[in-house]
Amino acid sequence: MAGRDDPAGGHGRATDLVPFTDADAACRRIAEIYESSRAAIAAAFAQPGTGLPPVTGANYPYVGITVGLADLHPDARPSYGMIHDPGTYGTTLTRPDLFAPYYCAQLRLLLERHRVPAMVGRSDRPI
């Protein structure tokens with residue numbers, strides 16, 4: 001449950017969170033966030049001068065999911081694509097150009113099994 005110090009609803013300091021019930025759409029947003037961060041870093045390196053100027057907005061994508069007791073899947077045998085305990089879970093993601101099939105497969109399983117949206121946004125972790 002979100003408190004006053006967590007406006008992201010249990011997702012820490014992640015920003016620009018958008019709920020997704022479609023894994024492919026969530027993966028597209030993950031790729032867009034990563035690409036915009038990568039482009040910000042590339043633009044900073046392209047600036048003439050010495051050293052790298054400060055880069056803002058170049059953070060890893062974040063994906064999270066909140067699962068309540070009623071959202072748990074009754075079949076606890078699967079070892080992946082499954083959440084076994086209620087709570088809010090989240091992580092940063094890197095290189096969707098390499099890992100998109102894995103990310104999408106895992107998100108698809110989570111969305112199908114728990115029937116709650118996945119939240120995708122920007123983490124507070126700079127690339």
Side-chain angles (χ1 to χ4, degrees):
M1 182 163 285
R4 286 185 298 164
D5 295 333
D6 185 8
H11 297 282
R13 293 186 302 255
T15 60
D16 303 324
L17 292 169
V18 175
F20 286 90
T21 56
D22 177 87
D24 293 326
C27 286
R28 283 191 298 275
R29 176 149 165 80
I30 290 164
E32 289 167 2
I33 292 169
Y34 188 84
E35 179 55 30
S36 71
S37 294
R38 191 212 55 76
I41 293 169
F45 271 109
Q47 296 295 319
T50 60
L52 179 64
V55 179
T56 58
N59 293 24
Y60 285 104
Y62 169 89
V63 65
I65 188 168
T66 300
V67 177
L69 190 58
D71 305 315
L72 295 177
H73 196 278
D75 182 359
R77 290 177 293 176
S79 60
Y80 62 91
M82 170 74 71
I83 294 174
H84 297 281
D85 296 306
T88 298
Y89 301 85
T91 192
T92 58
L93 302 171
T94 189
R95 295 298 305 264
D97 55 322
L98 297 176
F99 301 113
Y102 173 77
Y103 295 155
C104 291
Q106 294 300 310
L107 280 169
R108 193 169 293 108
L109 289 172
L110 289 169
L111 294 172
E112 288 172 3
R113 291 177 176 164
H114 299 290
R115 305 210 181 278
V116 294
M119 304 299 288
V120 176
R122 291 187 181 277
S123 76
D124 64 339
R125 303 287 180 201
I127 293 179

Checklist line | side-chain hydrogen bond (donor to acceptor under 3.5 Å, both in side chains) partners of residues 94-107, not counting sequence neighbours, each pair once | finding: Arg95-Asp97

Notebook entry, point to check: If every non-hydrogen atom of Tyr60 is compared with every non-hydrogen atom of Leu93, which pair is closest and at what distance?
Noted result: CD2-O, 3.3 Å

Item checked: Shortest non-hydrogen contact between Cys104 and Ala23, atoms and distance -> O-CB, 3.8 Å

Next item on the list: With sequence neighbours excluded, give me every side-chain hydrogen bond (donor to acceptor under 3.5 Å, both in side chains) pair touching residues 27-39.
Entry: Glu35-Arg38, Ser36-Arg122, Ser37-Arg122

Next item on the list: For Ala43, check side chain to side chain contact (heavy atoms under 4.5 Å, CB included) against everything at least two apart and list the hits.
Entry: none

Check: What residues, two or more places apart in sequence or in another chain, satisfy side chain to side chain contact (heavy atoms under 4.5 Å, CB included) together with Leu110?
Finding: Ile65, Ile83, His114

Next item on the list: Only counting residues at least two apart or in another chain, list the ones meeting salt bridge (charged side-chain N to carboxylate O under 4.0 Å, His left out) with Arg115.
Entry: none

Notebook entry, point to check: Between Gly121 and Leu17, what is the shortest heavy-atom contact and its length?
Noted result: N-CD2, 3.8 Å

Checklist line | Separation of Thr92 OG1 from Asp124 CG (nearest 0.5 Å) | finding: 9.0 Å

Checklist line | Linked, directly or transitively: Ile127 and Leu98 (ILVMFWY side chains, under 4.5 Å) | finding: no

Notebook entry, point to check: Which heavy atom in Ala118 sits nearest to a heavy atom in Leu111, and how many Å separate them?
Noted result: N-CD2, 3.6 Å

Margin query: For residues Leu69 and Tyr89: do they belong to one hydrophobic cluster (side chain heavy atoms under 4.5 Å, members Ile, Leu, Val, Met, Phe, Trp, Tyr)?
Written below: yes

Notebook entry, point to check: Which residues satisfy the salt bridge (charged side-chain N to carboxylate O under 4.0 Å, His left out) test with Asp71, sequence neighbours excluded?
Noted result: none

Check: How long is the gap from NE2 on His11 to OG1 on Thr88, to the nearest 0.5 Å?
Finding: 5.0 Å

Check: What heavy-atom pair brings Pro86 and Leu72 nearest, and what distance separates the two atoms?
Finding: CD-CD1, 3.8 Å

Check: What is the distance from atom CZ of Arg125 to atom OH of Tyr62, rounded to the nearest 0.5 Å?
Finding: 11.5 Å

Next item on the list: From the options Asp22, Val63, Leu107, select the one residue that forms a side-chain contact (heavy atoms from CB on, under 4.5 Å) with Cys27.
Entry: Leu107

Next item on the list: Give the minimum heavy-atom separation between Pro61 and Ile30, together with the two atoms involved.
Entry: CG-O, 3.5 Å

